[in-house]
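Because the structure is predicted, anything quoted here is derived from the model rather than measured. All residue numbers refer to positions in the sequence shown, counting from 1.
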Amino acid sequence: MADADIASDLGRELAAGRAVLFTGAGFSVDARAKDGSPIPSGPELSEELWDLCFPGETRDESALQDLFQHALSEAPDKLDVLLRRRLTVDAARLPAFYRVWFALPWRRIYTLNVDDLATAAEARFDLPRPVVIRAALADDPPPDETPDGSRLEVVHLNGHVTNGPRGVTFSTTQYGARLASDEDPHYAALVRDFCDLPFVFVGTRLDESPLWQELERVERTGGEEPQRPRPRSLLVTPQIERARKSLLERIGVAWVPRSTRQFTDEVLLPIARSLGVA
């Protein structure tokens, strides 16, 4: 699909206040933490958690979720310090291209990340709308079905770093608790939007279990009425496995083989200029 066609379709949906942004860990990799180091990826955070959990021992294949659970049980205060140090974004060092993403008139933003990138972007840049954070697991209400267009609502599906290690979803048991609940209102709102609105997914493979659980719940309870086709959504990532690409195509998500920066320059920046928010 040509960039011009993507820009035309996405620009139209943004102008109508219908497009939704969904970000994963890859979206934050160009930001830097307060300690000056890049916001860590999953493998990088796993290395730091290993050193916290088992200092001086040879690293094995322990998963991020299990390391987080061990740290939460055995050294919660040290874990809290680590998360705040590594996942609090230094606004002064934030690359300028992030302004384009947060300046566009998204209907709302969903994120899997627990870092405070959106808050840092608001502090660093002159954005057209104030940012409002809604974090799962923190008594924040789920997003409104009809958002207030004067604010940019950012929904943290896995919690927010300011809520501490018990206010985020990382460990196996934390994910288990989310999956065992009758309905997660923040994920339920996400799926409601996904069924009706076009999404731009960036920095994620879309392999989060709570998301797929809610999608399955919708499919099971949809009844026998014919369902409207979902609006076409986009997954922006340089590479994707063939089987996952096929799976996503079946739910209306088209792959756009671009890095975040490429997509910003080639697609989003022209849209932002046309909408007067560049």
List the atom pairs, with distances to 0.1 Å, where a side-chain N or O of residues 234-242 and a protein N or O form a donor-acceptor pair under 3.5 Å, not counting sequence neighbours.
{"from": "T237", "atom 1": "OG1", "to": "Q239", "atom 2": "O", "distance (Å)": "3.4"}
{"from": "E241", "atom 1": "OE1", "to": "R205", "atom 2": "NH2", "distance (Å)": "3.3"}

Expected list for residues 85-95: side-chain donor-acceptor pairs under 3.5 angstrom, two or more places apart:
{"from": "R85", "atom 1": "NH1", "to": "D35", "atom 2": "OD2", "distance (Å)": "3.0"}
{"from": "R86", "atom 1": "NE", "to": "E48", "atom 2": "OE1", "distance (Å)": "3.1"}
{"from": "R86", "atom 1": "NE", "to": "E48", "atom 2": "OE2", "distance (Å)": "2.8"}
{"from": "R86", "atom 1": "NH1", "to": "S37", "atom 2": "OG", "distance (Å)": "2.7"}
{"from": "R86", "atom 1": "NH1", "to": "P38", "atom 2": "O", "distance (Å)": "3.2"}
{"from": "R86", "atom 1": "NH2", "to": "P38", "atom 2": "O", "distance (Å)": "3.1"}
{"from": "R86", "atom 1": "NH2", "to": "E48", "atom 2": "OE2", "distance (Å)": "3.1"}
{"from": "T88", "atom 1": "OG1", "to": "R84", "atom 2": "O", "distance (Å)": "2.6"}
{"from": "D90", "atom 1": "OD1", "to": "A92", "atom 2": "N", "distance (Å)": "3.1"}
{"from": "D90", "atom 1": "OD2", "to": "R93", "atom 2": "NE", "distance (Å)": "3.2"}

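Under the side chain to side chain contact (heavy atoms under 4.5 Å, CB included) criterion, E122 pairs with L127, P130, V131, not counting sequence neighbours. K34 is linked by a side chain to side chain donor-acceptor pair (under 3.5 Å) to nothing, counting only residues two or more places apart in sequence or in another chain.
Residues F194 and F199 place their aromatic rings such that the two centres sit under 6.0 Å apart.
Of the possible donor and acceptor atoms, none in the side chain of S246 sits under 3.5 Å from a partner among the backbone N and O of A243. A donor-acceptor pair is defined here as one N or O able to donate and one able to accept, closer than 3.5 Å; no such pair exists between the side chain of R107 and the backbone of R18. Proximity of a side-chain donor or acceptor of N158 to a complementary backbone N or O of L112 within less than 3.5 Å is detected.
Among residues at least two apart or in separate chains, there is no salt bridge (Lys or Arg N to Asp or Glu O under 4.0 Å) pair with a member in residues 110-121. Sorted by first and then second residue, the pairs that involve residues 52-64 and meet salt bridge (Lys or Arg N to Asp or Glu O under 4.0 Å), not counting sequence neighbours, are E47-R59.
Under the side chain to side chain contact (heavy atoms under 4.5 Å, CB included) rule, R108 has a single partner from V132, D148, D193, which is D193. Partner of F22 under the ring-ring contact (aromatic ring centres under 6.0 Å, His included) criterion, out of F201, W101, F27: F201 alone.
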